[in-house]
Structure formats: structure tokens, C-alpha cells
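Computed from a predicted model, the values in this text were never measured in an experiment. Proteins come first, then strands; the chains are lettered A, B, ... in the order of their sequence lines, and each starts at number 1.
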2 protein chains.
Amino acid sequence: MARLENLNLSQQVTNELGKAIIVGDYNTETGLPTEAQLCEVYGISRTAVREAVKMLAAKGLISSRPRQGIRVEPADNWNLYDTSVLKWLLESSPSLYVLKEFLQVRLAIEPQAAALAARKGDQAAIAEIKMALDKMQAAADEPEGVMHEPDLAFHTAILHASGNRFFYQLRDFIRTALHVSIQHTTPAKGNKQAIAEEHFKVYNAIVSGDPERAKNMMTYMIDEAMAFIEKEIADKEAAAQ
Amino acid sequence: MARLENLNLSQQVTNELGKAIIVGDYNTETGLPTEAQLCEVYGISRTAVREAVKMLAAKGLISSRPRQGIRVEPADNWNLYDTSVLKWLLESSPSLYVLKEFLQVRLAIEPQAAALAARKGDQAAIAEIKMALDKMQAAADEPEGVMHEPDLAFHTAILHASGNRFFYQLRDFIRTALHVSIQHTTPAKGNKQAIAEEHFKVYNAIVSGDPERAKNMMTYMIDEAMAFIEKEIADKEAAAQ
DNA sequence: CTCACCTAATTTATAATATAATATTTTTAA
DNA sequence: TTAAAAATATTATATTATAAATTAGGTGAG
């Protein structure tokens, strides 16, 4: 077992089993080994195994009942918005296709969040957006990668400014999506100045209280990334033939 | 403790503690009692308490470390898309305001899902939508409440037809939102025939492969519910003064 | 007196073992 | 052949013990 320091035993086991389930080593057909077997495999006590099982059950990956053992739940029931589950999924799937799904969700959420921020975002929240934007603009002349963190902060700040807990809750999801996204898109689009400019337009629409424009600008930005990814997928599929 | 049959001990404790945290009985300042104290309070073993703690930790509500005890995480970290957490939240908050937040999320997700379904929904998935729609139309002449279940099925089927796992994952969230929503709106709008008609228009746009229209029709439908809720909130606030 | 180090105390983390509950399978008896 | 009963396997719960981690307090060197 990969001994990740900093994580306790049951968390480590949770990680191992979680990944194994998502990668398909265990599935709804096979189920998981019994608690006793898991103890042997990992060389740990039942206490630790059971705690891992409970955590995975809380994330919707498994369920366990007396005599029946530990079952793997259908993938439809997995809590994909759980940060760990998301991480395991990304480690196991070809990221281009997952990335497209990510972008579809961003295309739904972020323009709406930007519109809400423009309509009723409070001063402090909008100032947060501005701060992230400033850092982005400052990073435009810096080396590759410096703009990454303020970029994430910008999008997170908008979710926060939407004033809707459910949007803000998706910040880790969006951060992950953006992180993967940037790895794919940045090499191609070298013009960091242009990126900062686009972000500025979104901010400008928000600060001047124009929901429609904020929504449209955000849609435009994400749509650009989507077009890029779709092209990349098309190229890849053409190359495969 | 409310002895919900059908749930095991640690699940019951998870429920109790989860509700108590969300309602504010325990907060980031106070933290939770120690494991030992919880054992006494509930009259159960440490095993059960610890399993509950692990489940709540997996849902982002708490974290626990040696010597520090069990801490309540800031509300921003709670996994609101977890069905249990959502349920606890609804039981503790005035539902009108939560409902508005629900509708804002639906307004982001569902039109986009409908558009995707129109663009690339496969036969089987679209047939599912049709089936739900037929049941809705059949229920239009039935007594109050009969239309409820097919209505939920209709919206779920569209999420499914979007072909995006992350959208479909939100089905429980949307179901909850719709469930709460219907309780507020149905009494006012008696015309079930009109509701079925609107749903038909969404379906029609999807089956004829018109993403834009599918999106617009869905937006229109949810927007209507939003207008209703906003009016209700306004009335309530006026009455309170 | 101050600071680094050591010690003690508290709480969760892990382990080990025992018993209960539950659901499946096998056996038994009508 | 079928229905009831017994055996069995597995998780659920309880109990006890020990380890590890973190905080607080004390102690001694400088």
C-alpha cells in the first residue's frame, strides 16, 4: 500500500479501495472481499477496515450488510462531487472525455453564477474577484504557470459572489476541472494577455451590474475551451484510425 | 434517539449528529463532545460512535484528530450535494430561501441538460422521457398528487439523456428541489393540463433535435416556478412588517 | 528570566476478541 | 416435494487494551 504520510490508516485504506473500485478492480458483480480478507490483505485490524468501509459507503461507492458482504454500488450512485471520488475518477479515466463533461458542467454553472454575482454580489465578494483579476494581469508577463493560481481564484470568487451556497460548493469541482483544463489548453494559447483581458470583461460586466453580459462573457470563455477540447478529441480519434 | 427501524446504529447516530450540526447545536466554536461522552449520551459503544464520526467526516461535516477532539468544519466545506446533508439542511432551514437557491441551480443545470439531450440523446434515453411524459399526461385528469412522481421521472430522464454523468448525478438533488418546489407551487396552479403541455414542449424540442428550443423551454418552465417563489417570498416579507 | 527540552495528560487511532444480528444455505421431517 | 428448522458465513455492536499524536505544563541550562 502506498504509505502516504499525513494520512491515517483508515484514510489510506479508503484511498486504496476507492481507487480500486473506480478503476474497476472490484465491481457490482464481484463485490469486495470480506472484512476478514481485507484485514489479511492489508495486514491491519478490522477496526481500520470497517472505518474505511464506512467512509466509502458515505461516498456512495459501496454498501455492506450482514452475511451478504460488501457490495459495490452501481456507478450511477457514486458521489462524483466528492473531492476524493473525483480525484480517483481522474486518475483512472482518459482525461479528455472527462474534461469535456467537466466543461459541460462549467458551461451550466459558471455563466449563471456570474449573472447572479452581477445582480446581487456584495462589495466584499466582488472585491475578491478584482483581487484575483489583478494578480492574473500581473502574471501575464510572468513565466508560464504563474497565472494558474489567480485564474482558479477568479472563478472561485465568482461562485462565492453568486451568494448561492450550492454554486460555491462546486468550487473544488470547478478547480479540478480548471486544473485539468489548463494543462490541456495553455500550451496552445500562449497569449496570456488575451486571457487576462477576457477575464477582465467578465469582471467588468459583474461590477457594472450587467447580468446578461456577465453571463455571455463567461459562456464565451468556457466555450472557447470547449472548442479547443473538441478539436483535440477529433484529432485524437482521427489519429487512432 | 429516534429509533428509525431499518437503519443500523451508526447510521442512526450519524443522522442525529448530522442534524444537530446543521441546526447549529454544535458549531466550529464548540466542536463536538469527545467520543467517550457521546458513548455515554447515546448509551452505545465507541465502535458505533466512531463509525458515525467517520461517515460525517466523509460528508465534510467534521474532522477529528487525537487530543484535539472532534471539530465541526466550516459550513462552506459541507458536502451539500450529499443526499443526507441536503435532507438535514431542509429540515433545519426555512425552506423558501433554500428553495430559491435550489431553483437557481436547476436554472443552470436543467436547460443545459435538455440541450445536450436534444443534441445527442440516444433513443432509449429519449424513450424514457416520453414514458414519463405519457404518465404525466395521463395523470392530468387524476386527483392531486398523482402527477408528482412522473414529473420527477421526466426531469430525471432528461438528466440521464444528457449523457453527462455529472448532470445525472444531480438527480437526487433535483428530485429534492422539485419535491419541495411542488409543495409550494401546486396548490396555486391548478391547471395540470397546462403543466403537462409545457413538459410536452420540452420533450418535443428534444425529440426533434432542437437544442436551443429545448433549453429555452426548460428555462421558461423553471423560471415560472422561480417567479412564483419570489412572489411568495415578497409576500411573506411584506407580511412580516 | 528566557528558552529549549522533557514529562504528563488527554484524546483519537488501532488492535484484538467476543457476542449478537442477519441472511443464506443446507438439512430435516412431514 | 415442500416447508420448517438448523447450520453457517458475514457484518454489527460491544468491550478492553495499547499506541500515537497533540497540547500544556514543568524543569533545568544558559
Under 3.5 Å donor-acceptor, S93(A) side chain and L90(A) backbone: no
Please enumerate all residues that pass side-chain contact (heavy atoms from CB on, under 4.5 Å) together with P74(A), with sequence neighbours excluded. T28(A), N77(A)
Can you name the side-chain contact (heavy atoms from CB on, under 4.5 Å) partners of A117(A), sequence neighbours left out? A161(A), I206(A)
Sugar-phosphate atoms are those with a prime plus P, OP1 and OP2; base atoms are the rest. Using that split, label each nucleotide of nucleotides 12-21 of chain D B, S or - for protein heavy atoms under 4.0 Å, 5' to 3'. BBBB-B---B
Filter on ring-ring contact (aromatic ring centres under 6.0 Å, His included), then keep only pairs touching residues 43-81 of chain B, sequence neighbours left out; what's left? Y81(A)-Y81(B), Y81(B)-F173(B)
Pair up each side-chain donor or acceptor in residues 148-155 of chain B with any protein partner under 3.5 Å, not counting sequence neighbours, and list the distances.
{"unit_1": "H148(B)", "atom_1": "NE2", "unit_2": "H179(B)", "atom_2": "ND1", "d": "3.2"}
{"unit_1": "E149(B)", "atom_1": "OE2", "unit_2": "R175(B)", "atom_2": "NH2", "d": "3.0"}
{"unit_1": "D151(B)", "atom_1": "OD1", "unit_2": "H155(B)", "atom_2": "NE2", "d": "3.3"}
{"unit_1": "D151(B)", "atom_1": "OD1", "unit_2": "H199(B)", "atom_2": "NE2", "d": "3.1"}
{"unit_1": "H155(B)", "atom_1": "ND1", "unit_2": "E110(B)", "atom_2": "OE1", "d": "2.7"}
{"unit_1": "H155(B)", "atom_1": "NE2", "unit_2": "H199(B)", "atom_2": "NE2", "d": "3.1"}

Pairs meeting criterion salt bridge (Lys or Arg N to Asp or Glu O under 4.0 Å) with involvement of residues 75-95 of chain A, two or more places apart: K59(A)-D82(A)
Please list every donor-acceptor pair under 3.5 Å in which a side-chain atom of residues 122-129 of chain A meets a protein atom from a residue at least two apart or in another chain.
{"unit_1": "D122(A)", "atom_1": "OD1", "unit_2": "A124(A)", "atom_2": "N", "d": "3.2"}
{"unit_1": "D122(A)", "atom_1": "OD1", "unit_2": "A125(A)", "atom_2": "N", "d": "3.1"}

For a 4.0 angstrom threshold against heavy atoms of chain A, report the outermost contacting nucleotides of DNA chain C in 5' to 3' order. dA13(C) to dT25(C)
Enumerate the salt bridge (Lys or Arg N to Asp or Glu O under 4.0 Å) contacts for residues 20-35 of chain B, please, sequence neighbours excluded, ordered by first and then second residue. E35(B)-R46(B), E35(B)-R50(B)
Return the set of residues passing side-chain contact (heavy atoms from CB on, under 4.5 Å) with K130(A) (not counting sequence neighbours), or none when no residue passes. D134(A), Y203(A)
Counterpart residues, salt bridge (Lys or Arg N to Asp or Glu O under 4.0 Å), relative to R165(B) (two or more places apart): E101(A)
Mapping Q68(A) and P33(B) to their closest nucleotides on DNA chain C, which lands nearer the 5' end? P33(B)
Under 4.0 Å from any atom of DNA chain C, heavy atoms only: list the residues of residues 24-32 of chain B that qualify, in numerical order. none
